[in-house]
Amino acid sequence: MSQEQTPAVPGEDDLPEQLRIRREKRAGLIERGVEPYPVSVLRTASLADIRAKYATLETDSTTGDIQSLTGRVIFKRDTGKLCFATLREGDGTELQAMLSLDKVGQEVLDSWKSDIDLGDIVSVTGEIITSKRGELSILASSYSIAAKSLRPLPNDHKPMSEETRVRMRYVDLIVRDEARSNARLRPAVMRSLRETFHQQNFVEVETPMLQVMHGGAAARPFKSFSNAYDMDLFLRIAPELFLKRCVVGGIERVFEINRNFRNEGADSSHSPEFAMIECYQAYGDWRSIADLTRALVQNAAMAISGSHVVTHHDGRQADLGGKWREISLYDAITEGVGESVTALTPLEDLMKIATKLGMKIDPKWITGKLAEEIFEHVAKDQLIAPTFVMGFPIDTSPLVRAHRELPGVAEKWDLYVDGFELATGYSELIDPVVQRERLIEQATLGAKGDLEAMQVDEDFLRAMEFAMPPTGGMGMGVDRLLMALTGLGIRETILFPLVKPEVE
RNA sequence: GGGCCUAUAGCUCAGUCGGUAGAGCAACGGACUUUUAAUCCGUGGGUCGACAGUUCGAGCCUGUCUGGGCCCA
């Protein structure tokens, strides 16, 4: 006191007024012997319990039921001798607390008015009643502070800016109903997905995220390093090659739901880390795996909205029910450009078509890649209702079996919903000799500077040489599934999406 | 990668022609025993994202950088 003290936190003196006042209130409580962060407080029921128990209580009644309830103070309406506050608990359930002079006395009432701020978490003990206006309430005989908030809550009636919501999701969850429901949507969808898999006798496995060699998809990886082994490691871009090892080993129906990492840009439909489903079904093919995919999506829709018709957050409805439309990729291109295009159409002809469409062409694109780009250019906007796009070019699908009839085409589909790619499914390539040739082609592309090309995974090829049964496989983005079910952007489906650090 | 928009009080946002920084909520002081975003009276709160430039003078104009959003590829 007598000496000059440097503040414990640098710049404590420079805190904004509201933060400083709350820190002073905390210190004041401690000085008076009141613990602002007690080890426990009284709680006999949740607010939801009380709401359920007294759903039909008449206006201005008493119950004689004494409870201790906790919640965060989100509104305060202080009058001279009777104070009201709205308490809110984690799922958004609210209940009114009332403190009256004749029940708690002058000292307690004064302390409530001066010590308790919006955002504080409190425990209130008293009788459950309804007010003269009919509001279900707890009429306090005493209260205690459960945890003092040192920061003011944002304005509860104006939505926080998108940036603030993402940077401070914990506050978003306190103040925004949709944030709370979104957070609970994902686990509901995850449970539904797992149930569908279990109904169909799929076994869930967990395969490595830290990999010696990345593979199973075309993407740039995040690179790490193992000090103990003195070698480079990669965060996985896909679990595919390990799940296929499982199928070789006899786990005939296998799935994994877990995180993949891709060292690429982030936008409204891409996140550097994202949850992905992959599954493999021995003795299945691209057709059987398409049926499974439809069941996964439709059951998830049913789980969260009780119907195959889902309502997006903006009120738009999307019907995911029934059997989905199928179109052939090359038929769609042919229709879109008005001249016949097949997997055998040479690169030069595709170039002419793309140029005529005014597309920007990357000279590194191979024939199949160019065909896919033309498809996206002419047809993507029509893919709002769920649509299987069947038959992708074989030169961009190194892990897929060739189509049983169409030359140059692979037995691969992409599922489009709402204009974006939700899932992809294959008849898997199981001939180890062809598989080796395809991976070596990829490695050649890699040597030429294609950073997304796959590496040759010798152990994977050895596994394939022990024979994998004919198999259908599928991959689906979980975040994108949530987008298709809700219409939200990917950053709203992920609780804590990657954000660059705030600058001081 | 290219283009457009954006950053101002704790939160959400105004800020005209370049001339002393504004509102609502929140906060602080006071009144109020049935409020529901309570009401009424009063008060305080700002490194206008950062740096540079133009100017007598910059929240505003110019440039660079940083964060965020949208569109295109």
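The model shown is predicted, which means the values in this text are computed figures rather than measured ones. Below, chains carry the letters A, B, ... as their sequence lines are ordered, and counting in each starts from 1.
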Return the set of residues passing salt bridge (charged side-chain N to carboxylate O under 4.0 Å, His left out) with A:Arg77 (not counting sequence neighbours), or none when no residue passes.
-> none

5' precedence on RNA chain B between A:Phe75 and A:Ser114 (nearest-nucleotide basis) = A:Ser114

Are a donor atom and an acceptor atom from the side chains of A:Asp331 and A:Thr334 found within less than 3.5 Å of each other?
-> no

All N/O pairs under 3.5 Å across the protein-nucleotides 42-47 of chain B interface:
from  : atom 1 : to      : atom 2 : distance (Å)
B:G44 : N2     : A:Glu17 : OE1    : 2.2

A:Lys223 atom NZ, neighbour heavy-atom count above 12 within 6.0 Å | no

Look at A:Ser161 and B:U12 and indicate whether a side-chain polar atom (N or O) is within less than 4.0 Å of OP1 or OP2.
-> yes

Under 4.0 Å between any heavy atoms, over every strand shown, what does A:Arg165 touch: base, sugar-phosphate, or nothing? Just pick one.
-> nothing

side-chain contact (heavy atoms from CB on, under 4.5 Å) with A:Ile374: of A:Ile333, A:Thr345, A:Leu329, only one passes, and it is A:Ile333

Toss me the dot-bracket line for RNA chain B: Watson-Crick and G-U wobble, both under 3.5 Å, 5' to 3', using | for pairs to another strand and [ ] for crossers.
-> (((((((..((((.....[..)))).(((((.......))))).....(((((..]....)))))))))))).

Base, sugar-phosphate, or nothing: which does A:Asp60 touch, judged by heavy atoms less than 4.0 Å apart?
-> nothing

Would A:Tyr426 and A:Trp286 count as a close aromatic pair, with their ring centres under 6.0 Å?
-> no

Under 4.0 Å between any heavy atoms, over every strand shown, what does A:Leu101 touch: base, sugar-phosphate, or nothing? Just pick one.
-> base

Listed pairs, N/O of protein and of nucleotides 21-24 of chain B, under 3.5 Å:
from  : atom 1 : to       : atom 2 : distance (Å)
B:G24 : N2     : A:Asn155 : ND2    : 3.1

Ring pair (Phe, Tyr, Trp, His ring centres under 6.0 Å) pairs, two or more places apart, involving residues 31-68 of chain A = none

Judged by nearest nucleotide, the residue sitting upstream toward the 5' end of RNA chain B, A:Val166 or A:Trp365, is A:Val166

Would you verify whether the NZ or CZ of A:Lys412 falls within 45 degrees of the ring axis of A:Phe392 while also being under 6.0 Å from that six-membered ring's centre?
-> yes

Quick one: label A:Lys25 by what it contacts on the DNA or RNA (base, sugar-phosphate, nothing), any heavy atom closer than 4.0 Å.
-> sugar-phosphate

Answer with yes or no whether the side chains of A:Thr130 and A:Glu135 bring together a donor and an acceptor at under 3.5 Å.
-> no

Is any side-chain nitrogen or oxygen of A:Thr164 closer than 4.0 Å to OP1 or OP2 of B:U12?
-> yes

Any chance the side chains of A:Thr311 and A:Gln317 put a donor and an acceptor closer than 3.5 Å?
-> yes

Touch class at under 4.0 angstrom, heavy-atom based, for A:Asp156 against every strand present = nothing

Which part of the nucleic acid does A:Met359 contact within heavy-atom distance under 4.0 Å: base, sugar-phosphate only, or nothing?
-> nothing

Looking across every strand, which nucleic acid part, if any, lies under 4.0 Å from A:Ser137 by heavy atom: base, sugar-phosphate, or nothing?
-> nothing

B/S/- contact track for nucleotides 1-8 of chain B, protein heavy atom under 4.0 Å | --------

Measure across A:Ile174 and A:Arg88 and return the closest heavy-atom pair with its distance rounded to 0.1 Å.
-> O-NH1, 2.7 Å

From the options B:G67, B:U34, B:A38, select the nucleotide whose nearest atom is closest to the side chain of A:Lys500.
-> B:G67

Option from A:Lys148, A:Arg72, A:Arg151 for which salt bridge (charged side-chain N to carboxylate O under 4.0 Å, His left out) with A:Asp117 holds = A:Lys148

